[in-house]
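Data first, discussion second: the structure below is written as structure tokens.
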Protein chains: 2
Amino acid sequence: MDRTPSHPEVSKFNLQQVLEALVDPVRRSIVIQLDTACEDITCGAFDISVSKSTATHHFKVLREAGLIRQYYVGTSRMNALRRAEMDQAFPGLLDALATPQAQGVST
Amino acid sequence: MDRTPSHPEVSKFNLQQVLEALVDPVRRSIVIQLDTACEDITCGAFDISVSKSTATHHFKVLREAGLIRQYYVGTSRMNALRRAEMDQAFPGLLDALATPQAQGVST
DNA sequence: ATCAAAGTTTGACGGCGGTCGTACTTCTGT
DNA sequence: ACAGAAGTACGACCGCCGTCAAACTTTGAT
């Protein structure tokens with residue numbers, strides 16, 4: 001278990017990798033939850049319907065793409081959205097995910 | 001061969017579908033080429049390195065996601081980027097693709 | 001010390017999507 | 001009418017990715 005996982009720098013952010021991360025509904029849901037909560041969330045506290053091992057996989061993909069930052073707090077792992085850095089690299093991208101039509105549209 | 005292919009309305013644009021379309025490098029390249037050219041382009045005139053049948057597949061995916069509009073001109077098929085409509089549905093999304101870091105970054 | 005909680009790792013499985021070749025259609029010139 | 005150009009349709013193949021269960025690790029509480 002790597003206690004200090006590697007996080008890519010902003011200058012290394014890769015659009016292909018970011019899109020591959022965001023195209024999965026579960027991962028996009030994680031990002032949205034982080035964005036709306038405006039606070040760090042532990043892996044287990046997310047509203048996702050997959051097994052723990054699958055969740056670990058998703059968090060890894062998000063972290064390696066640069067979308068989240070992870071750090072340990074006791075036995076829990078906290079997840080923080082790298083909003084500002086992602087906006088710097090790809091301005092408008094995360095905003096597009098929060099668009100009304102991006103969620104369920106009604107009107 | 002359907003001469004009047006169906007195009008989804010803006011209100012029916014689906015983020016999941018759009019992201020699935022944009023996550024493929026070939027398809028994203030098509031979108032970028034349309035965006036920078038600022039004019040409609042025939043299927044055969046794109047700079048993509050896949051077979052014709054694969055190209056047809058990609059254009060279909062882009063069309064069904066609402067990213068492009070297709071219409072026949074003689075035996076050729078023209079492709080137009082649905083820029084304004086996509087911006088209306090998911091503002092900022094296409095702009096993020098044109099970001100400097102979205103292309104090859106140097107500095 | 002022990003036990004439970006929270007994640008991780010590994011391996012396996014299944015399905016979907018990108019790719020191609022081949023055959024087909026439709027239009028344009030000649 | 002014929003040939004060629006431009007795409008399309010259809011199968012087939014293959015690799016990748018999301019998924020899970022099971023075993024393991026690490027930390028915190030009792």
Side-chain angles (χ1 to χ4, degrees), chain A residues 1-7 14-34 39-65 67-80, chain B residues 1-7 14-34 37 39-80:
Chain A
M1 202 190 297
D2 199 349
R3 322 243 357 119
T4 57
S6 65
H7 294 83
N14 175 264
L15 179 63
Q16 181 62 36
Q17 206 175 349
V18 171
L19 288 179
E20 284 172 0
L22 291 176
V23 79
D24 184 276
V26 175
R27 288 193 289 263
R28 202 163 61 251
S29 166
I30 291 174
V31 170
I32 298 296
Q33 289 180 48
L34 276 175
E39 63 177 5
D40 301 358
I41 306 180
T42 65
C43 290
F46 283 90
D47 181 19
I48 52 180
S49 53
V50 292
S51 70
K52 285 204 299 180
S53 51
T54 301
T56 296
H57 166 65
H58 285 314
F59 286 117
K60 180 181 179 184
V61 172
L62 288 172
R63 172 171 41 87
E64 292 180 343
L67 281 156
I68 63 172
R69 187 177 298 277
Q70 295 190 294
Y71 58 95
Y72 278 99
V73 175
T75 176
S76 293
R77 197 165 202 179
M78 297 297 301
N79 301 275
Chain B
M1 203 191 299
D2 197 350
R3 324 245 350 120
T4 57
S6 64
H7 294 83
N14 175 264
L15 179 63
Q16 181 62 36
Q17 206 175 349
V18 171
L19 288 179
E20 283 172 0
L22 291 176
V23 78
D24 184 275
V26 174
R27 288 195 289 263
R28 201 161 63 249
S29 166
I30 291 173
V31 170
I32 297 296
Q33 288 180 48
L34 276 175
E39 63 178 4
D40 299 359
I41 306 180
T42 65
C43 289
F46 282 91
D47 181 20
I48 51 178
S49 52
V50 292
S51 70
K52 285 204 300 180
S53 51
T54 300
T56 296
H57 165 66
H58 285 314
F59 286 115
K60 181 181 179 185
V61 171
L62 287 171
R63 185 187 69 237
E64 293 181 342
L67 280 157
I68 64 172
R69 187 176 299 277
Q70 295 191 293
Y71 57 96
Y72 277 99
V73 175
T75 176
S76 293
R77 197 165 202 179
M78 297 296 302
N79 301 275

Rounded to the nearest Å, what distance is computed from the [atom1] atom of residue [X] to the [atom2] atom of nucleotide [N]?
X	N	atom1	atom2	answer
A:Ile48	D:dC20	CD1	P	10 Å
A:Met78	D:dT27	CE	P	17 Å
A:Glu20	D:dG18	CD	C1'	13 Å
A:Phe46	C:dG7	CZ	C1'	14 Å
A:Arg27	D:dG18	CZ	C1'	8 Å
A:Gln70	D:dT26	CD	P	17 Å
B:His57	D:dC13	NE2	P	18 Å
A:Tyr72	C:dA5	OH	C1'	13 Å

Inset, instruction - For the pair A:Arg69 (side chain) and A:Ala80 (backbone), establish whether a donor and an acceptor sit closer than 3.5 Å, ignoring hydrogens and angles. - result: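 No: the side chain of A:Arg69 does not pair with the backbone of A:Ala80.
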Inset, instruction - Report yes or no: does A:Arg63 contribute a side-chain atom to a donor-acceptor pair with the main-chain N or O of A:Asn79 at less than 3.5 Å? - result: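 Pair absent, no side-chain N/O of A:Arg63 close to backbone of A:Asn79.
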Inset, instruction - Remember a base hit wins even if backbone is also touched, and classify A:Thr56 as base, sugar-phosphate or nothing at under 4.0 Å, heavy atoms. - result: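 Base, at least one base heavy atom under 4.0 Å.
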Inset, instruction - By nearest nucleotide on DNA chain C, pick out whichever of B:Gly74 and B:Val50 is the more 5' one. - result: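 The residue mapped nearer the 5' terminus is B:Val50.
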Residue [X], side-chain atoms from C-beta onward, closest of [options]:
X	options	value
B:His58	C:dT19, C:dA6, C:dG21	C:dT19
B:Thr75	D:dA6, D:dT19, C:dG7	D:dA6
B:Ser76	D:dG7, D:dC20, C:dC20	D:dG7
B:Thr54	C:dT19, D:dG7, D:dT19	C:dT19
B:Lys52	D:dT19, C:dA6, D:dA6	D:dA6

Inset, instruction - Taking all heavy atoms of B:Gln16 and all of A:Pro25, pick out the closest pair and write down the distance. - result: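 That closest heavy-atom pairing would be OE1-CG, 3.5 Å.
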Legend entry - A:Ser51 and A:Thr54: side chain donor to acceptor below 3.5 Å: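 Checked: A:Ser51/A:Thr54 side chains pair up, N/O donor to acceptor below 3.5 Å.
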Inset, instruction - Starting at SG of A:Cys43, measure out to NZ of A:Lys52 and round the result to the nearest 0.5 Å. - result: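 If we round to the nearest 0.5 Å, A:Cys43:SG and A:Lys52:NZ are 10.5 Å apart.
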Inset, instruction - Please state whether the base of D:dA21 and the side chain of A:Ser53 form at least one donor-acceptor pair under 3.5 Å? - result: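 Present.
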